[in-house]
Protein chains: 2
Amino acid sequence: MAKLDFGPIADTTRRAEIVALLRRAILTGQLEPGQKLNELRISEQMRVSRAPLREAMRELVQEGILTSIPYAGTFVVDVAAKDIIDAYSLNKVLDEFAIELAWPQRDQRFFDELDRRHEAVKQATRAKDTTRQIETALQLHGLIHEWADNSVLLETWQRLTSRLQMYFALHQRARNEPVPAEDVHETYVALLKGADMRAAQRHAREHIDLDFEELLAYARGLEKRASKN
Amino acid sequence: MAKLDFGPIADTTRRAEIVALLRRAILTGQLEPGQKLNELRISEQMRVSRAPLREAMRELVQEGILTSIPYAGTFVVDVAAKDIIDAYSLNKVLDEFAIELAWPQRDQRFFDELDRRHEAVKQATRAKDTTRQIETALQLHGLIHEWADNSVLLETWQRLTSRLQMYFALHQRARNEPVPAEDVHETYVALLKGADMRAAQRHAREHIDLDFEELLAYARGLEKRASKN
DNA sequence: GACAAGCAGATTGTCGACAATCTAACAAGA
DNA sequence: TCTTGTTAGATTGTCGACAATCTGCTTGTC
């Protein structure tokens, strides 16, 4: 028998497609935090009945990017500065853990994939496609979690990533300026290829803190704006 | 104005009640891993239409205790030994992190609540109510996560806990013998009241490993049984 | 007997309509 | 003026029915 692993075939339910559409809209910031999702309106726009739409919404509520209040509506989650702090501090812990687990598992395929994803980030950066830049950067960082061979960790990280992506997208949208062109991931990739695990863990922590400060400043701005209303 | 903070009122949707019912059935092991959930049958038993039932199922799928295959059905998640290992190793990391965050926040209310939950475990143990014993023990361990003041961590821990509770319940059910009567939480509580944070973290790790071995043995049994089919 | 095509039953996915609930505006009374 | 009760409109929650898909069996063919 030929050695040929087929990937899973496409999801054929409307629900799955709706989930993908909504998630993308939220994570790219097209739907703003706090905004209400009107079921009737959205179902008409998508040419779909409310049943699969509602099921899709339940999934995203559990995913943590929507919140639901019975008989009141479903809303895009609000972003508070504290949320970003919390997400980031947990992310640090998970990253350290992932590096520890993935470290002995590194092989040629790992390094190849690392380069591939790194290249994808650089390409998105050159193309000035900020949305894609965020996506690819998170995928680059996700590699260690995929390689850690711990399904629960991976799942946890993916949930966390949803929010981080959303935070970054909002940030980018707000400050509407060109993205830094220099390659901030160079040392990260180099360290993951190296022999010093502690150094890699340390850098993951510090590199994160870099973007973090900007993001926090943005979040604090949000807070202020919210308190005025 | 009187200082009186009302808690949130009860969920009034059928969906929420269905979620609670199903979750309880799964976490206590009444619904076994791999078992298929027939929508029509369940909706008739609950005297409810399929719409809220399906929405409830979507939530539990995202919660990680159900899995769904389009047009095939929704099933209670299968438990593999690897899953338990993964969950436990991540749990260790989260516990250490939680202790670190919660440590400076400890106050009288914390200690009181600690004693209260500890007492609940002892009571369930005396009553030989194994299900409740598992619940209360997890609630005892959850306190540090609640006190850590990190919403993302808390949420993550709660998701993880769902599965741990399920694993323990299955384990208990399988070996159908009286639960150890001695109090394994005594030192844990004492350490959380003490002054040595590192010691508390260390104990959390080791105490976990205790039950862990038993649980793993059970899981390996499951694996074997599954491979025979 | 082996195998593919096709059919029947069961189950999941989706739809449109109805019921329950909330919100906001307005009226009535203190 | 402030509070309380009422009502209309909009929106969410739920229902029963229909469509799409899967599974297992039967049938026919070689």
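The analysis underlying the following values was restricted to heavy atoms, covering all of them including side chains, and did not include hydrogens, waters or symmetry mates. Note that the structure is predicted; figures quoted are calculated from it, not measured.
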Grab the [atom1]-[atom2] distance between [X] and [N] for me, whole Å please.
X: A:Y71; N: D:dT11; atom1: OH; atom2: C1'; value: 11 Å
X: B:R54; N: C:dC15; atom1: CZ; atom2: P; value: 12 Å
X: B:E55; N: D:dT12; atom1: CD; atom2: C1'; value: 10 Å
X: B:I69; N: D:dT21; atom1: CD1; atom2: C1'; value: 14 Å
X: B:L40; N: C:dT12; atom1: CG; atom2: P; value: 8 Å
X: B:L53; N: C:dT11; atom1: CG; atom2: P; value: 14 Å

*Is A:D149 close to B:K82 at the side-chain level, that is, under 4.5 Å between some pair of heavy atoms?*
yes
*Could you tell me whether the side chain of A:M166 reaches within less than 4.5 Å of the side chain of A:V77, counting heavy atoms only?*
yes
Does [X] reach a base, just sugar-phosphate, or nothing at all? Heavy atoms under 4.0 Å.
X: B:L37; value: sugar-phosphate
X: A:R15; value: sugar-phosphate
X: A:R50; value: base
X: B:R14; value: sugar-phosphate

*Salt-bridged, A:E113 to A:R117, with N to O below 4.0 Å?*
yes
From the set [options], return the single nucleotide nearest to any side-chain atom of [X].
X: A:K36; options: D:dG13, C:dT14, D:dT11; value: D:dT11
X: A:N38; options: C:dA20, D:dT11, C:dT12; value: D:dT11
X: A:E39; options: C:dT12, D:dG13, C:dC15; value: D:dG13
X: B:A51; options: C:dC15, D:dT12, D:dC15; value: D:dC15

*Using only side-chain N and O atoms of A:S49, determine if any of them is under 4.0 Å from OP1 or OP2 of C:dT14.*
no
*For D:dG13, does either OP1 or OP2 sit under 4.0 Å from a side-chain N or O belonging to A:R58?*
yes
_Residues B:N150 and B:H145: side-chain donor-acceptor under 3.5 angstrom_ = no
*Determine, step by step, whether B:R14 and B:E17 satisfy the salt bridge (Lys or Arg N to Asp or Glu O under 4.0 Å) criterion, reporting the C-alpha distance in whole Å, the side-chain angles of both residues, the deciding distance to 0.1 Å, and the verdict.*
CA-CA 5 Å; B:R14 299 197 194 294; B:E17 299 205 27; over 6 Å; no
